[in-house]
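Heads up, the thing below is written out as structure tokens.
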Protein chains: 2
Amino acid sequence: MAPKREKKRANLRDVARVAEVSVATVSRVLNSPDVVQKETRERVEKAISELGFHPSAAARAINSGRTKIIGALVPTLDSDIFALTIEAVENRLEDFGFSLVVATTGEDPDKEAKRAKELLDIGAEGLIMPGTTHCDALYDLIERTRVPAVVISYYDPAFRYPTIGYDNREAAALAMSHLLELGHRNIAVVHGPAQNNDRTRARVAGVATDRADVQLTFLETDLTIAGGTDAVKQASGESRVFDAFLCVSDVQAFGVLFELQRRGIAVPDDVSVMGLHDLPGSSSTFPSLSTIRLPAQKMGRLAAEGLAKWVESGTRPSPACLPNALMVRESTAPSRLKAKRK
Amino acid sequence: MAPKREKKRANLRDVARVAEVSVATVSRVLNSPDVVQKETRERVEKAISELGFHPSAAARAINSGRTKIIGALVPTLDSDIFALTIEAVENRLEDFGFSLVVATTGEDPDKEAKRAKELLDIGAEGLIMPGTTHCDALYDLIERTRVPAVVISYYDPAFRYPTIGYDNREAAALAMSHLLELGHRNIAVVHGPAQNNDRTRARVAGVATDRADVQLTFLETDLTIAGGTDAVKQASGESRVFDAFLCVSDVQAFGVLFELQRRGIAVPDDVSVMGLHDLPGSSSTFPSLSTIRLPAQKMGRLAAEGLAKWVESGTRPSPACLPNALMVRESTAPSRLKAKRK
DNA sequence: AGGATTATTGTAACCAGTTACATTATGTGC
DNA sequence: GCACATAATGTAACTGGTTACAATAATCCT
């Protein structure tokens, strides 16, 4: 048996040897095939496929300085809230030849900085992250490395990095005004943890009203279905009777719907429920959920596009505020209390 | 004004120059600091921080052949089904110093092969993917490159790659036997698209029974909440009356619950609803969903661990079948029809 | 004291590509 | 037939790290 040479991945020099050309020619076949004579090119291509040659991204990256990797920092993927957007980002980045590395941070600011550093260590050429509330270590890092970074899910044209998102405050205000128009005056506002979360804070701020006849009760629970059910439990402990639940996340609204059903409280006859996000399932609940449609996927695509172009050609994207839309469905109706008042 | 030299990222040689040591010493400070004298080390570290030096992962990768990147191929992130597992994978990989690149394939086998090639092009050292139904191009690629690949969400010890998952067939059988024990005999089995999806097929196969008194009706709909509502609509078109819905995905079960509520069909009094997966929200629905708990997160962690070790030390993980568990909650109860029959 | 051992640091080759520049061959114009 | 432009290919330097080996200095042992 012939002593098989240890098999290792073929490199450019191997290909050059087999095709009896120089390394430069092989490189040209890979990068600008048109300048190579057809005959030579075919010989090289044959050698490439014979050897199963596969250019090393690392070696390429060392020259070009390009890794074609974008990093995303997200709190969690365990609800549809980010997963949908991340998928859109990933899909759009692919069109630009970029790969997406996802790092989950669990809302922990310190972990966020640590993960960001890891992303840059592996050569991420751009970062994408939701919201503007991050720790200084992260900002320092971005400043030092001058890596293009875009913020999603939030809009603030004055922010240090381009924000490509939506107006959380306006979304919440839109939801609130819908409820007010329906005559609701005693409203439970269900929201997720506000700490370190500008989106939640903006939404909470957005529901504010100076109408003296409106009573708002804020209930902070987890950003989960269970959090929604908890909110109803909390609400039932209050002395006040609510005529509407405004959940600033659809996920919580799902929980609210379930828990109200459990308690035999009819939606929207006894109480209205309003969401905010418009998840894929929100139109299929019972009753179907009135909500504010956030442009989650469109935002993901736009952010991916802006970041890709920024990395490629240095043109920093301008901040963008994508429109929200009120989706009136079955879960909201004129207040019973209002009717009584009449 | 002194002509500022164009600022570019500092490299190892720059650091060596500033610290007045050789490149080898700088490299040692980075990789085995203990062999460098304290005084020298501090000088180098000072230079590193002064220059904001940041070693290039690409250059490192070119030598070691290591990129510390794992690729994941998933159909979609737009439901909790994969997102949860992916998050667990990502978290566990981090412990091993690996980063996760996610590529979504949209259940399209051709796209899957294309994306896999891209993952390998950027230097992924391992692949992770759900299920065993993939196109030959993908298998060829894995064979040619000999990249470690593990399959999740499925268990088949005889499969060419290690499967780290659960027994889909048994999970479905478990769900079915629960319904049978409760006396249900006329069961609508709601499942997602079976084409190119071994998990769905195994689940569908798992519900089979040879009992002559059991009537199964299979309803194929989308793997979404809306798909669940569709299933109920389809079911209502059938002449038969069902005493239970067995949804082989909790996502669909959510839709079924909503649509039954819409129709005023009481669960579990009029009809039982059984899920399969146990998503985070499944215990908070109304009624809370009886389901089979799949070890999604544990599986993610284990697969990440096995793949990391395989890549690091060449020890291929053994296939693993993690246990499913029947979660009896409120949505299932003895069949009304059975009671009548008695 | 002198040779051996050990601790530190330096030199230069190497990884797998890209690319500036040089070389050679071919075609064109006069 | 010769100068010149153009096309195709080759040579070698370069990217930014790692590391084998060499060199030097300091310490140990008899």
Side-chain angles (χ1 to χ4, degrees), chain A residues 6-48 51-69 97 120-125 145, chain B residues 5-48 51-69 120-125 145:
Chain A
E6 193 191 284
K7 227 174 185 175
K8 54 159 209 173
R9 220 170 134 204
N11 65 23
L12 217 155
R13 266 125 190 132
D14 297 329
V15 175
R17 199 175 330 109
V18 170
E20 296 179 301
V21 296
S22 71
V23 291
T25 301
V26 180
S27 179
R28 282 190 276 260
V29 169
L30 296 170
N31 299 305
S32 37
D34 34 316
V35 311
V36 179
Q37 203 164 357
K38 197 182 166 207
E39 206 180 49
T40 320
R41 185 176 357 119
E42 282 165 356
R43 197 146 34 92
V44 172
E45 279 162 353
K46 185 159 157 281
I48 287 178
L51 294 171
F53 169 73
H54 214 309
S56 140
R60 192 167 270 170
I62 212 180
N63 291 293
S64 58
R66 304 296 317 277
T67 58
K68 290 280 195 168
I69 288 177
L120 295 182
D121 278 343
I122 67 166
E125 300 187 75
T145 58
Chain B
R5 80 160 56 93
E6 193 190 283
K7 228 176 186 174
K8 57 159 207 175
R9 217 170 136 205
N11 65 22
L12 216 154
R13 267 130 186 126
D14 298 329
V15 175
R17 199 175 332 105
V18 170
E20 297 179 300
V21 296
S22 71
V23 290
T25 301
V26 180
S27 179
R28 281 182 203 114
V29 169
L30 295 170
N31 299 304
S32 37
D34 33 319
V35 311
V36 179
Q37 203 165 354
K38 198 182 164 205
E39 206 179 50
T40 320
R41 181 168 9 109
E42 282 165 356
R43 195 146 35 93
V44 171
E45 278 162 354
K46 185 159 157 279
I48 287 178
L51 295 171
F53 169 74
H54 213 308
S56 140
R60 197 166 266 172
I62 211 179
N63 291 294
S64 60
R66 303 296 316 277
T67 58
K68 289 279 192 169
I69 288 177
L120 296 182
D121 278 344
I122 66 165
E125 301 185 75
T145 57

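Sequence lines set the chain letters: A, B, ... in the order given, protein chains first and strands last, and positions in each chain run from 1. FYI, side chains are in, hydrogens and waters are out, and symmetry mates aren't considered; it's all heavy atoms of this structure.
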Between [atom1] of [X] and [atom2] of [Y], what distance do you get to the nearest 0.5 Å?
| X | Y | atom1 | atom2 | answer |
| --- | --- | --- | --- | --- |
| A/I122 | B/S56 | CD1 | OG | 12.0 Å |
| B/L30 | B/R60 | CG | CZ | 6.0 Å |
| A/I48 | A/E42 | CD1 | CD | 12.5 Å |
| B/R17 | B/S22 | CZ | OG | 13.5 Å |
| B/D14 | B/L51 | CG | CG | 6.5 Å |
| B/R41 | B/D34 | CZ | CG | 7.5 Å |

- Query: Can you give the first and last nucleotides of DNA chain C, 5' to 3', that have an atom under 4.0 Å from a heavy atom of chain A?
  - Reply: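 From 5' to 3', the first and last contacting nucleotides are C/dA16 to C/dT19.
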
- Do nucleotides 10-21 of chain D as a string where each nucleotide becomes B, S or -: B if the base has a protein heavy atom under 4.0 Å, S if just the sugar-phosphate does, - if no protein is that close. BBB--BBBBBB-

- Item | Side chain A/R28, main chain A/V35, donor-acceptor under 3.5 Å |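 Looks like no, no N/O pair under 3.5 Å.
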
- Message: Using modelled atom types and a 3.5 Å cut-off, is there a donor and acceptor pairing between side-chain atoms of A/E125 and backbone atoms of A/T67?
- Response: yes

- With a 4.5 Å heavy-atom cut-off, do A/E45 and A/V29 have their side chains touching?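 With C-beta onward as the side chain, the pair touches.
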
- Message: A side-chain contact here means heavy atoms from C-beta on lying under 4.5 Å apart; do B/T40 and B/T25 qualify?
- Response: yes

- Query: Which angle, rounded to 10°, do you find between the first-five-pair axis and the last-five-pair axis of the helix from C/dA1-D/dT30 to C/dC30-D/dG1?
  - Reply: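 Inter-axis angle at the ends, rounded: 40°.
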
- Query: Within this structure, what is the CD-to-C1' distance between A/E42 and D/dT9, rounded to whole angstrom?
  - Reply: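 Value for this atom pair: 17 Å.
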
